[in-house]
Number of protein chains: 2
Amino acid sequence: MAQSSPVAAPVRSRRRGEALEQAILEAAHQILREDGYSKLTMEGVAAAAGTGKAALYRRWADKDTLVTAVLQSVLPSPQQLRLTGDVREDLLLIMCCIRNAIGLTNGAAFDIVRHEGPGSGGLVHKAVGQRVLDPCRREILAVLTRGIAEGSVRPGTATPLIADVGPGMIIQHVVVVGTDVPEPFVVSVVDEVLLPLIRA
Amino acid sequence: MAQSSPVAAPVRSRRRGEALEQAILEAAHQILREDGYSKLTMEGVAAAAGTGKAALYRRWADKDTLVTAVLQSVLPSPQQLRLTGDVREDLLLIMCCIRNAIGLTNGAAFDIVRHEGPGSGGLVHKAVGQRVLDPCRREILAVLTRGIAEGSVRPGTATPLIADVGPGMIIQHVVVVGTDVPEPFVVSVVDEVLLPLIRA
DNA sequence: GTTCTAGTGAACGGCTGCGTCTACTATATC
DNA sequence: GATATAGTAGACGCAGCCGTTCACTAGAAC
C-alpha cells in the first residue's frame, strides 16, 4: 500500500489546512477503490496520505466519518444530470449515474450501508441513500410520469417498485458479478427490460 | 453474546463427534443471523457453542470454511421446489426460495460473496452461487420457456437478463432496506413487474 | 478395568488497529 | 522577530482475534 501512495516520498514542506485535508481524502478514496471498505483503516489512510493519525483525528472522529466525507466528495449527484426529455435517453443517463457512483467507490457505498445496518439512519446511509439512490428513484419516476403524459409510457407504471427495477439490476450485478458494470449491460437493461416493461 | 448462547450453562457431560459439530454449526448460524458475517469470530462461535477453539480448528481450517459449512447446512435448494406448471405460482415459489435463503442468514451470503470478491471462485461463492442463485436462474428460465411454449409468455423473454429481474429486486431490497423481505413485496414484484414484463 | 481419542479450559505469542499523547517544529500571522 | 497553531513522528496502552499448544480428562471401544 505504501508503494501505491501518491505521496510516499518524505514531505519536506508541510501541507496545512485544506491541502492536507484534500490529500487525506484522496488517499482514502484510493484505498476505498482498491481495497474496499472493510480493509480501509485510519492507519492505512494516514500512511497513504503521508501524514500522522493525529491529523486525521483532528478532523474526523472515526473511520465512518472519514468515509462519509469521501463519499460526499466523490459521489455524483443526479441533480446534475442533463435530462433530454427522451424516455430511453433519460433512463440511460440515470442508470449510468448509478453505475458510476458504484464504480467510483468499488461498491463501498453498499458495503457501508449493510455494515451499518439498513434503517440505522447513520451518516453514511444518509450520504448514499439520500444523495444517490433516493434522488435517482425520483428522477426515474419523473421520467415515467412525463412519458405517461406524452403517451409513450404505459399508465400505472410510475410506481416506486417499477422505478427500482433498473437500479436493482445494477445492484445485483455488483453483488453477484462485480463492481465493473459494463455499459452494454446498462444499455441492455434499459432496452430489454425497462422499455418493454413500461412502453404503452 | 454469551447471554444469547444456546449452551451458556456449564456443560457437565461432553458432547462428542456429530453432536458437538451440530452445536457448533447452530451457534455459528445464530451469530451469522444476529450479528452478520463481519462480526462472526472463531472465538465467538466457540464461546456460543460452549466449547473451545481447538474443537473448531479440528474440523474447519478457518472462518470461511466454517461459514461455508453453515451455509451448506441451511441454504434451501431450489431443486426441492415443487413447481406447479402455473407461471405465476412458480415464479412466486422461486422468489420465495431466494427470499428465504436470505432471511436464514441475515444476508450474510451476499456479504461473503462481496468479501471474497466476485469471480474469486472461493468455496463460499460456490456454496451461494451454485446452490441458490444459479439454480434459481435456471428454474426461472425453465418457467419462462414452458410459458412461451404454452403461449402465456411472450417469446424472447427467456433470457438471463429477464430471469435476473426478480432476484435483482430482492437483492436490492436486502441491500437498501433490509433482510426482512416482506412476502407482499415478493408478490407485488411478481404481479407488477414480472408478469407485465413477460406476458404474451 | 485398560487404552485411546477427542473434548475442555486455559494460556501463549503474535499481529493488527484503535485512540491518545508528547516533544518538536514548520508555518502563518502579527 | 515573537507568538500561536497545526502538522510530524513516534510511542503508548489497550482490546480483539488468530492459530497453536498443553495438561487434564470424559467417554467410547475393547
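Throughout, protein chains are lettered first and strands after them, A, B, ... in sequence-line order, and every chain is numbered starting at 1. The model shown is predicted, which means the values in this text are computed figures rather than measured ones.
Distances shorter than 4.0 Å separate some side-chain N or O of B:Arg59 from OP1 or OP2 on C:dG7. Dashed line: the shortest gap from a side-chain N or O of B:Thr51 to OP1 or OP2 of C:dT8 is under 4.0 Å.
With contacts defined as side-chain heavy-atom distances shorter than 4.5 Å, the pair A:Glu21/A:Ile24 does not qualify.
The two residues A:Arg15 and A:Gly50 have their closest heavy-atom pair at NH2-O, 3.2 Å. Pairing each heavy atom of A:Leu197 with each of A:Arg154, the nearest pair is O-NH2, 2.8 Å.
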| query | Which is it for A:Glu26 and A:Gln30 under the side chain to side chain donor-acceptor pair (under 3.5 Å) test, yes or no, and what are the steps along the way? | reply | CA-CA 6 Å; A:Glu26 283 167 13; A:Gln30 182 161 9; over 6 Å; no
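Distance CZ (B:Arg58) to P (D:dT21): 13 Å, rounded to an integer number of Å. One atom, CG of B:Leu56, and another, C1' of C:dT8, lie 13 Å apart when rounded to the nearest Å. Taking atom CG of B:Leu66 as the reference point, atom P of D:dC17 lies 15 Å away to the nearest angstrom.
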| B/S/- contact track for nucleotides 10-24 of chain C, protein heavy atom under 4.0 Å | -------BBBBB---
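With respect to A:Arg99 and A:Glu183, a salt bridge is recorded, a charged nitrogen being found less than 4.0 Å from a carboxylate O.
Ranking D:dA28, D:dT8, C:dT27 by closeness to the A:Leu20 side chain, first place goes to D:dT8.
Within 6.0 Å of the CG atom in A:Asp180, the count of heavy atoms belonging to other residues, nucleotides or ligands does not exceed 12.
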